[in-house]
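Computation of the quantities below employed the complete heavy-atom set of this structure, encompassing side-chain atoms and omitting hydrogens, waters and symmetry-equivalent molecules.
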Amino acid sequence: MQKKMNKIKLYIDTNQANIDPQCLQEIIDLIIINPTQAEIEEILTDYDVIYERLKQ
C-alpha cells in the first residue's frame, strides 16, 4: 500500500528582516515525518514568520 503524502502550500515572505535558522531547521526536521499544514503553520507562527496559505 502506498502512503498518501500531504500537499502543503504556503508562501513565506522572504523580504522579512530575519527568519530564525532554528525555525527552518524545525520545519526540515518535521518533513521527515510528513507533517500536517497546521504543524508547519504553528512553527511559523511561533517564530513570527509572515506567511500566506495558498489555495489547494
Side-chain angles (χ1 to χ4, degrees):
M1 183 192 318
Q2 187 176 15
K3 184 177 178 182
K4 184 178 178 187
M5 303 292 277
N6 289 330
K7 292 184 179 180
I8 299 173
K9 295 183 179 185
L10 297 172
Y11 168 80
I12 297 174
D13 184 353
T14 57
N15 291 322
Q16 296 172 71
N18 188 22
I19 298 176
D20 189 330
Q22 183 61 35
C23 172
L24 300 176
Q25 186 61 53
E26 285 188 36
I27 292 170
I28 290 168
D29 292 345
L30 260 185
I31 289 172
I32 295 169
I33 62 169
N34 195 22
T36 64
Q37 184 159 335
E39 290 172 311
I40 298 290
E41 289 178 2
E42 182 178 351
I43 292 171
L44 294 172
T45 300
D46 288 348
Y47 284 93
D48 297 321
V49 174
I50 300 168
Y51 70 92
E52 179 180 336
R53 183 182 299 175
L54 299 175
K55 294 180 181 179
Q56 295 290 336

Minimum-distance pair of heavy atoms, taken over all atoms of E39 and L30 |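 Taking every non-hydrogen atom into account, CB-CD1, 4.1 Å.
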What are the two closest non-hydrogen atoms of L10 and R53, and how far apart are they?
->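 Where L10 meets R53 most closely, the heavy atoms are CD2-CA, 3.9 Å.
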Distance (rounded to the nearest 0.5 Å) between [X] [atom1] and [Y] [atom2]:
X   : Y   : atom1 : atom2 : value
L44 : E26 : CG    : CD    : 10.0 Å
I50 : I19 : CD1   : CD1   : 9.0 Å
C23 : N18 : SG    : CG    : 10.5 Å
I32 : N34 : CD1   : CG    : 11.5 Å
Q25 : D29 : CD    : CG    : 4.5 Å

Taking the side chain as every heavy atom from C-beta outward, state whether I27 and I40 have any atom pair closer than 4.5 Å.
->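 In short, these two side chains touch, coming nearer than 4.5 Å.
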Residues in side chain to side chain donor-acceptor pair (under 3.5 Å) contact with Y51, at least two apart in sequence or another chain =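 Result, side chain to side chain donor-acceptor pair (under 3.5 Å) vs Y51: none returned.
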Same hydrophobic cluster for I43 and I28, using side-chain heavy-atom links shorter than 4.5 Å among ILVMFWY?
->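 Different clusters.
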Do we see a donor-acceptor contact under 3.5 Å between the side chains of Y47 and Q22?
->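 Distance-only check fails for Y47 and Q22.
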